[in-house]
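Below, chains carry the letters A, B, ... as their sequence lines are ordered, and counting in each starts from 1.
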Amino acid sequence: MFEVEVKKKLHAAQGEMLLDIKLSIRKGSFVSIYGKSGAGKTTLLKMLAGLVAPDEGIIRALGTTWFDQAQRINVAPQQRQIGFVFQDYALFPNMTIQENLEFVSPEKNSRNRIKEILDVISLTELASRYPATLSGGQQQRVALARALVRQPGLLLLDEPLSALDHEMRLRLQEEIVKIHRLFDLTTVLISHDPSEIYRLSDYVVEIEEGHIAKQGIPDEIFHQNEITGKIQIIGEVLQMEQSDMVFVARVIAGNKIYKVALTRQQASEIAVGDKILLASKAFNPVVVKLT
Amino acid sequence: MLSFRLSFLTTVILFVAGVPLAYWLAYARFRAKPIIESLVSLPLVLPPSVLGFYLLLAFSPSNAFGAFLDTYLNLRLIFSFEGLVVASVIYSLPFMVHPIQAGFRNLPASLKEASYTLGISPFRTLMKVLLPNIKPALLSGIVLTFAHTVGEFGVVLMIGGNIPGVTRVASIAIYDEVESMQYAMANSYALLLVGISFLILLLLYWINRRLLRNMSYV
């Protein structure tokens, strides 16, 4: 169990904001943190990592105390046994992929573990290249591999896939799930993308202006759970237009754009940029078997 | 050649002292930071004679600090080569600290944070991760300091005077020759200084371009 109960004053763009979070994370779970930018998600993650100190509170991890303001305990990030993956990858540019992994390895004789990790994430062929010569997706896979070298108990992912294209995201999502299971990790992911959270996590925490607004399993958070027996798509409204009597919205979900007809009433409540749930009764759908 | 010995020593001392100072200024957050930064930059705006004048007063054996150095360390810093080195170190401080500090600031913060979360100590992070990735900034600091020390005049004259073989650096020698109407001598000194300074700067930009080409990630 990881237990977090922290407070910190943040100086955000809109002025001062109090980050006040109380959260328990079960060992082995995959938790996603969801919310607008500036809500305090990254700060929370950095507090877990020991890169940012809370003003007050405690952080306990698997029986040991990482932070306790009252007792003046603040374990350095180096001693926390964590893996942290950044949005901008943060690979050491002056080292090859192999050297990036060897450099952070605690034991001298770690070739086997590094080889295993490179194999699992299929990076073996790139081991002698420098980070600058790799694509974004490859760099992020290296960053993941590097975070695993020290056998962390807690893997922290700060929007790791947001700079990648859709296809690469899907591949890396699978990669992350595989790693999470294979290395028996507790994982905390920050993400803006509901479909990504759906695919990966078993628990979602939504943060709004420094406070936890909602938490629960993904179904509870993203669906009003009274809706059942329907086909559901979560997407974002790209464009609204009126043609004759109907309003047409273009909604993007994943990499697909859907055209949806809306009534005047609905159209007046929805604006471009809104996240919406499209549901259609699964009563008489066209079903085609694909082989 | 005294000029170059002085510049070399000054550069070495400033490099050793400037890297930690720049690191501290780039990353530490404390209230008095603007004061420290102003002090580091002060030699940029002060006329060298002002700086030299106060250093002269401070180092003079008839004042407390100078007397202390003289009595306990057997070090007399006025009209001596050691004094020139100390004065040059202070005078050229911003030329070493500013480029390196800017270099640290331009590195993404995540590089240092990633290193920490991966169990690497702050010192090892500095040596193996941060410094290797700001090589152009280090090089600028070194060359600017060297060139600036070769070219200084006011501070050197105030502190060192004009003692052949001890404190008579090239810039002073030129002044001296002009004073005594030896224009040919002055000209040869001056030409030498121009030529060498130009070569040093040329070398800097050339190496910098090669470094940048090899480090396409910067």
Query raised in the report: When A/Phe92 is tested against each of B/Leu111, B/Leu130, B/Thr125 for side-chain contact (heavy atoms from CB on, under 4.5 Å), which residue passes?
Result: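 Considering B/Leu111, B/Leu130, B/Thr125, a side-chain contact (heavy atoms from CB on, under 4.5 Å) with A/Phe92 is found only for B/Leu111.
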
Report task. Check whether A/Leu91 gets within reach of chain B through its side chain, its backbone, both or neither, counting any heavy atom under 4.5 Å. Result -> backbone

Requested in this report: Would you mind telling me which of A/Pro152, A/Pro77, A/Pro131, A/Gly50 has the largest number of heavy-atom pairs within less than 4.5 Å of chain B?
Outcome: A/Pro77

Query raised in the report: Based on non-hydrogen pairs under 4.5 Å, which of A/Gln87, A/Lys46, A/Met95, A/Gln81 is most in contact with chain B?
Result: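 Top count of heavy-atom pairs under 4.5 Å with chain B: A/Lys46.
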
Report summary line: Rounding to 0.5 Å, atoms CD1 (A/Ile82) and OG1 (B/Thr117) come to a distance of 5.5 Å

Query raised in the report: In Å, rounded to the nearest 0.5 Å, how long is the span from CD of B/Glu113 to CZ of A/Phe86?
Result: 5.0 Å

Flag yes if more than 12 heavy atoms outside [X] fall under 6.0 Å of its [atom1] atom; otherwise flag no.
X	atom1	answer
A/Met1	CE	yes
B/Ile35	CD1	no
A/Arg171	CZ	no
A/Lys115	NZ	no
A/Tyr203	OH	yes
A/Glu209	CD	no
B/Phe123	CZ	no

Requested in this report: Quick one: closest heavy-atom pair of A/Arg150 and B/Leu118, and the distance?
Outcome: CD-O, 2.8 Å

Report task. Over all heavy atoms of both residues, which pair between B/Gly119 and A/Gln78 is shortest? Give the atoms and the distance, please. Result ->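 For B/Gly119 and A/Gln78, the tightest heavy-atom pair comes out as C-CG, 3.5 Å.
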
Query - Under 4.5 Å from a heavy atom of chain A, the part of B/Lys128 involved - result: both

**Report entry** Validation row: B/Val129, A/Phe103 side chains within 4.5 angstrom (heavy atoms)
**Finding:** yes

